[in-house]
Amino acid sequence: MEHQPSSVIPFIDLAAQQSRLGTRIQDAMARVLAHGQYILGPEIAEFETQLAAFCGVKHALSCASGTDALALVLAAKAVRPGDAVMCPAFTFCATAEVVAWLGATPIFVDSDPQTFNMDTNSLKAAVATARKQGMRPVGIIPVDLFGLTADYDAIAPIAAENNMFVLSDAAQSFGASWNGKRAGSFGLATATSFFPAKPLGCYGDGGAVMTDDCDLFAVMKSLRVHGQGSNKYDNVRIGMAARMDTLQAAILLEKLAIFGEEVEARQRVATRYSEALKDFAQVPYVPQGAQSVWAQYTLKVDAEKRTQVMERLKSKGIPTMVYYPIPLNKQTAYKHYPTAGNGIPVAERLAREVMSLPMHPYLTDDVQDYIIAEVRAALAA
Ligand SMILES: *Cc1c(COP(=O)(O)O)cnc(C)c1O
């Protein structure tokens with residue numbers, strides 16, 4: 001049956017996921033209420049075990065948010081004033097926020113025009129900029145934007161040459177893979193987020209760090225609970241209150257059980273979009289060997305037409321979003337931080353051209369066909 005635009009189409013559809021899960025979430029929550037271990041209860045340990053296995057790494061540490069996950073790694077690496085950490089300008093603010101929070105300096109790197117991920121030539125320029133300004137370049141935070149893993153093969157040698165760590169910001173790419181390796185297994189450590197709108201989301205805030213480094217893991221585990229030592233009343237370092245709630249772990253365990261199927265459904269939706277829209281706009285580019293998890297399905301459209309296209313779609317009940325309208329180097333809190341030597345023209349252009357369409361595993365063919373027809377019409381108008 002053809003979709004009738006009687007109501008607004010959801011951008012992501014958590015209600016559809018909830019009805020598919022039936023009473024499993026309520027049952028899981030009821031189990032937590034029954035045992036009463038709200039902080040670091042048994043579901044936390046079980047979720048961490050499953051996370052590590054899913055990503056193919058030794059350790060996973062759950063925490064309170066994706067932002068805290070990034071902060072735990074940087075704090076464990078003792079990032080401090082005078083240090084410079086390279087991160088993209090075209091990302092969510094949290095990537096750079098954690099660097100600034102520790103008193104270090106984020107240096108903004110440009111984006112690749114095809115993948116929208118960190119551009120490696122600009123990365124090299126950013127390291128040179130850090131040195132020229134008298135800072136120590138200590139780390140790189142590549143972001144797997146919109147669900148596509150960054151080019152870690154190209155980033156790793158640059159990190160090694162300069163003795164920098166790689167912290168993967170996989171807040172949008174949990175479930176993605178590259179040549180059979182899952183997001184979560186690249187670099188020294190990976191931070192991810194379970195914010196409700198991410199590919200795997202809980203019902204509140206949540207995050208995790210994945211790593212194969214046992215020492216780093218031990219320090220982060222201490223930092224997560226106020227820097228506690230083996231005697232919990234003798235705190236051995238300045239830490240955080242960064243635990244995940246047991247309730248969120250219980251919810252995530254139920255969602256993780258169906259996540260593999262959801263990743264496949266996302267891929268199917270993305271493939272349908274790309275086949276139908278490739279002659280009308282620049283559709284997402286996925287390099288050979290990569291499998292995106294499609295946190296966003298993002299088109300590049302004519303900058304002059306974008307607002308008009310989005311308004312027309314809105315009038316047809318189709319929500320669209322711009323991730324991200326302002327690169328970090330132009331935002332009030334961040335504009336005094338350096339950008340890579342030759343500037344970041346691609347990131348600035350992407351901010352004017354990108355437009356994301358409704359994307360979730362429960363998008364039906366008829367609703368998607370309606371969206372496709374209206375997007376085509378809006379782009380041709
Ligand atoms: C969502 C997001 C974060 C932060 O995650 P929270 O769980 O909201 O703290 C960090 N980086 C990127 C790229 C994100 O998309």
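Numbering of ligands and ligand atoms starts at 1, following listing order.
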Ligand-residue contact atoms, ligand 1 with G66, heavy atoms, under 4.0 Å: 5 (O), 6 (P), 7 (O), 9 (O)
Polar contact flag for F194 and ligand 1 (N/O pairs, less than 3.5 Å): no
Shortest protein heavy-atom distance from atom 4 (C) of ligand 1, along with the residue and atom involved: T67 OG1, 3.6 Å
Interfacing atoms of ligand 1 (cut-off 4.0 Å, heavy-atom, V143): 13 (C)
Distance filter under 4.0 Å to K198 heavy atoms, resulting ligand 1 atoms: 1 (C), 2 (C), 3 (C), 14 (C), 15 (O)
Sub-4.5 Å side-chain heavy-atom contact between R24 and I258: yes
Location of contacts on S65 toward ligand 1, heavy atoms closer than 4.0 Å: both
Subset of ligand 1 atoms that lie under 4.0 Å from at least one heavy atom of T91: 13 (C)
Atom 11 (N) of ligand 1 [closest protein heavy-atom partner, distance rounded to 0.1 Å]: D169 OD2, 2.8 Å
Heavy-atom side-chain contact between R268 and D365 under 4.5 Å: yes
Close side-chain approach of V138 and V85, heavy atoms under 4.5 Å: yes
Flag side-chain contact, heavy atom, 4.5 Å: T105 against P338: yes
E348/K330 salt bridge by N-O under 4.0 Å criterion: yes
Under 4.0 Å to a heavy atom of A171 - the qualifying atoms of ligand 1, by number: 2 (C), 3 (C), 10 (C), 11 (N), 12 (C), 14 (C), 15 (O)
Side-chain touch T271/S274, heavy atoms, less than 4.5 angstrom: no
Chi angles and distances behind the side chain to side chain donor-acceptor pair (under 3.5 Å) call for Y152, D144: CA-CA 10 Å; Y152 293 99; D144 300 342; 2.6 Å; yes
Element-labelled atoms of ligand 1 that are located less than 4.0 Å from some non-hydrogen atom of A94: 4 (C), 10 (C)
Derivation of the salt bridge (charged side-chain N to carboxylate O under 4.0 Å, His left out) call for K58 and D212: CA-CA 5 Å; K58 284 193 191 135; D212 280 324; 5.3 Å; no
Atom indices of ligand 1 within 4.0 angstrom of S193 heavy atoms, with elements: 5 (O), 6 (P), 7 (O)
Sub-4.0 Å atoms of ligand 1 with respect to non-hydrogen atoms of Q172: 13 (C), 14 (C), 15 (O)
